[in-house]
Participant: 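Handing you this structure, nothing more for now.
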Amino acid sequence: MSTLMRSRAARVVAAAAAAALLLPAAVAVAGPRSGPVPGPEHHAGSYLAATLAGRATLSADYLAEGPPSGAAASPANGRQGPWDGQVIPGFSAMVDNHDGTFWAQPDNGFGAKGNSADFLLRSYLVRPQWDTGRKGAGEIDVLDFIEYNDRNDILDFDIVHEDTDERLLTGADFDIESLVRAADGTFWVGEEFGPFLLHFDADGTLLEAPYEFPDGKSPANPYLQPGETPNVRSSRGFEAMAAAGRYLYPVVEGALADDADARRRWIYQFDTRRGEYTGKRWAYQTDQQANVIGDAFATGPDSMLLIERDDFEGDQSVTKRVYEVDLDRTDRDGFVRKELVVDALRIENPRGIDAGEGYGLGDTFALPVQSFETVLFVDRNTLLIGNDNNYPGNDARITGTPDDTEMALVDLTKEPVTDDGVTVVGHRGASGYRPEHTLASYETAINQCADYIEPDVVSTKDGVLVARHENEISGTTNVATHPEFADRRTTKTIDGAQITGWFTEDFTLAELRTLRAKERLPQVRPQNTPFDGLYLIPTLDEVLDLARNSRTCDGAPVGVYPETKHPSYFDSAGLSLEEPLVAELRRNGFDRAGAPVIVQSFEVGNLQDLDQMTDVPLGQLISSSGAPYDFVAAGDPRTYADMATPEGLADIAAYADGIGAEKSVLIPRNQDGTLAAPSPVIGDAHAVGLEVHAWTFRRENQFLAADFRSSGDPNGIGDMVGEVQVFLDAGLDGFFTDNPDLGVAAVR
């Protein structure tokens, strides 16, 4: 896809680098390889394309030998314990043995101390028979296992098997989550009840006392004193851990309880020779505050892969990503810089591996599981990713059926960044498929190959810019169901019109965070209503973060196209939009010429102000009726129609770089609702150096010209692709659409 008013520079996405690792160097799946294995190389003008190379699964209902398990597990998806053997509830971590086998470690079993006392802590030796689309059974063979134990009687607190000789450890004793192997063959395990670091020999016997976390305890910590406040939230300990040289790098899965920044996660350094934490730690910022860290894998002495994920599954999923971080590079806010390696919700599947067998299995492969918890390089160009299936609770693939345990190979290849000359803008995200102005909607737009995502920005009471179509939010949030905010309902005059409802400027950001988004057009898009109540109202900062940490399908940076809503009104309320907007752009590295951002407005004065405040491109919005409100308020008689004349367009060119025009301004409709001949606006705008975007293309019949409707049903699906192509033939440079997938199809 294309950009507007700028030349696109390819973003270099970091990947694995050669290093001497505590975990032995990764090797090809086909067989061992000696020496260091550097990550895939790419440069400006190229990007890493992700392709599914192989997949293997283990039945969710597989039972390993051992005593019954799951007597206290919560029943789900038609399954209820106890089961006659040991359940394997997915894998939370893996170690590559370089011979086609892996040590694969489940967690504590069923999620809590109270329901996992009959679950034995193990690491399984597995061999995937990769389905490559050409050969392979696609099954995971379980070959052997080791059982973690305290037969040397090291622990000084009671365990489930306290009075047995073997002292086998269970999910009521530890919640094991992460795993690395030392050069001497011993295993280091990160867990969450402490959180502790545990050191086991190659047979699973505990070698020394657990190493305690220096910055707090979890509610399940056996050493928690009466009255002591846990600083590590429940089940938010060492889900992830990398290793390089003598050092372990455990990562706290969630925010510490005493941290005012809910998006901050800490990476720690532990010296295995000295048996102590070094005092060094690094801050990592998640894309949104509820996201967690699922796994880590060292790619160099100072770099690692991190899984960042949300807790949603199936089509509700927003974030299932692998980032690389460099501990030597931090941003302006002190967070380690992160670069996207793989979005696990968008992996090409040209061989059709397992296509049609469940959600996320098709031409594009996705791993939309709740607990995406395994990542490692198996060679310089291939990642292995996998899941913890939280048996029997998760059903991401097929509703009502527990998820299998999955392992997938992802090939990363260097591809050139391309540009087809047309800009596709995800209007409020992909608002035809998810509730508008949510990170889910923006992520869907990115995965549907939009070039830009469009947040409308309004202000909170405390001056934070958030993404909402309007500052009145009764139609896009569940605010009306919150009795504590009933007295906030009021009537205001916005741009000359009286509106009754709830307004963002009457809420602090913290208060808005208690609300959830909902579908604005439920009668038109009932398929979006199942997502009501799931997603937060995002801040502009979060939208910018998502974009700068993403790539388009063509490998270029994802652009952001913010619209300032009602700038004159917000000025009158003492909440000017322009200064905080520019500050957010600057903080996120977007406030520069050539940045993938365009700021738009229906008003004129604030764009003229922004022209003096920033070098980013500006777009003047033009409606088919009315006038800019700042003109109306000032008594200026000019209308949008005047602005669309050659003289008006020349005036716009003095402060803006393009126009965003309502469709009928560019191609009017005949009396019967069909498209007429194009107006001269596109040519006139091009003549004065302005690019032209049109708004808004939607697939429902009621939004289409009559000659592209499929029936008399206003909510039926018509031929949006055909309508867009007429506008492109007229010389349009780009367009806004609620359905980015169809917009991309029209361009191609």
Side-chain angles (χ1 to χ4, degrees), residues 5 428 454-461 463 465-472 491-499 501 503-506 540 561-585 591 597-662 664-665 681 684-685 688 690-696 736:
M5 314 158 202
R428 309 173 195 169
E454 186 223 19
D456 298 332
V457 294
V458 295
S459 182
T460 65
K461 182 178 182 179
L465 298 186
V466 296
R468 289 289 88 192
H469 175 50
E470 294 289 345
N471 54 326
E472 200 289 299
T491 299
K492 298 188 178 189
T493 300
I494 311 294
D495 292 0
Q498 280 199 335
I499 300 174
F503 298 84
T504 60
E505 64 271 21
D506 296 331
L540 176 62
Y561 210 135
E563 178 188 343
T564 56
K565 302 292 290 193
H566 311 298
S568 291
Y569 167 78
F570 276 105
D571 275 346
S572 70
L575 292 167
S576 177
L577 301 178
E578 293 76 34
E579 291 82 5
L581 171 60
V582 173
E584 287 290 4
L585 293 176
D591 184 27
V597 62
I598 305 161
V599 179
Q600 57 178 330
S601 178
F602 277 102
E603 295 190 19
V604 174
N606 76 314
L607 285 180
Q608 292 173 330
D609 291 342
L610 284 164
D611 187 39
Q612 303 302 311
M613 298 167 64
T614 180
D615 291 328
V616 303
L618 306 176
Q620 176 67 61
L621 295 173
I622 296 177
S623 181
S624 60
S625 62
Y629 182 71
D630 56 335
F631 281 9
V632 174
D636 189 322
R638 287 177 295 171
T639 65
Y640 286 123
D642 295 322
M643 297 175 72
T645 64
E647 296 79 11
L649 292 167
D651 290 341
I652 291 172
Y655 62 86
D657 304 275
I659 62 170
E662 190 175 350
S664 59
V665 171
V681 172
D684 292 342
V688 294
L690 295 172
E691 293 201 20
V692 182
H693 286 179
W695 51 272
T696 301
F736 296 79

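On a predicted model such as this, the values are computed, not experimentally measured, just so you know. Side chains are part of it too, since the values below use all heavy atoms of this structure and drop only hydrogens, waters and symmetry mates.
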Participant: Just by distance, no angles: are the side chains of S601 and E603 close enough, under 3.5 Å, to form a donor-acceptor pair?
Facilitator: no
Participant: Do the side-chain N and O atoms of D591 and T614 include a donor-acceptor pair separated by under 3.5 angstrom?
Facilitator: yes
Participant: For L621, is there any backbone N or O sitting under 3.5 Å from a side-chain donor or acceptor partner on Q600?
Facilitator: no
Participant: Taking all non-hydrogen atoms of both residues into account, name the closest pair between L649 and A685 and its distance.
Facilitator: CD1-N, 3.6 Å
Participant: Taking side-chain contact (heavy atoms from CB on, under 4.5 Å) as the criterion, tell me which of E470, R468, K565 meets it with D456.
Facilitator: K565
Participant: Is the shortest heavy-atom distance from the side chain of T504 to the side chain of F570 under 4.5 Å?
Facilitator: yes
Participant: With a 3.5 Å cut-off and no angle check, do the side chains of E505 and S459 form a donor-acceptor pair?
Facilitator: no
Participant: Using only atom types and a distance under 3.5 Å, with no angle test, would you say the side chain of E454 pairs donor to acceptor with the backbone of R428?
Facilitator: yes
Participant: Is P628 close to M643 at the side-chain level, that is, under 4.5 Å between some pair of heavy atoms?
Facilitator: yes
Participant: Give me the ring orientation class for F602 and W695: parallel if the planes are under 30° apart, tilted from 30 to 60°, perpendicular past 60°.
Facilitator: perpendicular
Participant: Within the 3.5 Å criterion, strictly below it, is a donor on T639 or D642 matched to an acceptor on the partner's side chain?
Facilitator: yes
Participant: Could you check Y561 against F736 for ring-ring contact (aromatic ring centres under 6.0 Å, His included), going step by step and ending with a plain yes or no?
Facilitator: CA-CA 10 Å; Y561 210 135; F736 296 79; 4.8 Å; yes
Participant: Would you kindly say whether Q498 and T491 are connected by a side-chain donor-acceptor distance under 3.5 Å?
Facilitator: no
Participant: Given 3.5 Å as the limit, does a donor-acceptor pair link the side chain of N606 with the main chain of P567, or not?
Facilitator: no
Participant: Any sub-3.5 Å donor-acceptor pair from D630's side-chain atoms to V604's backbone N or O?
Facilitator: yes
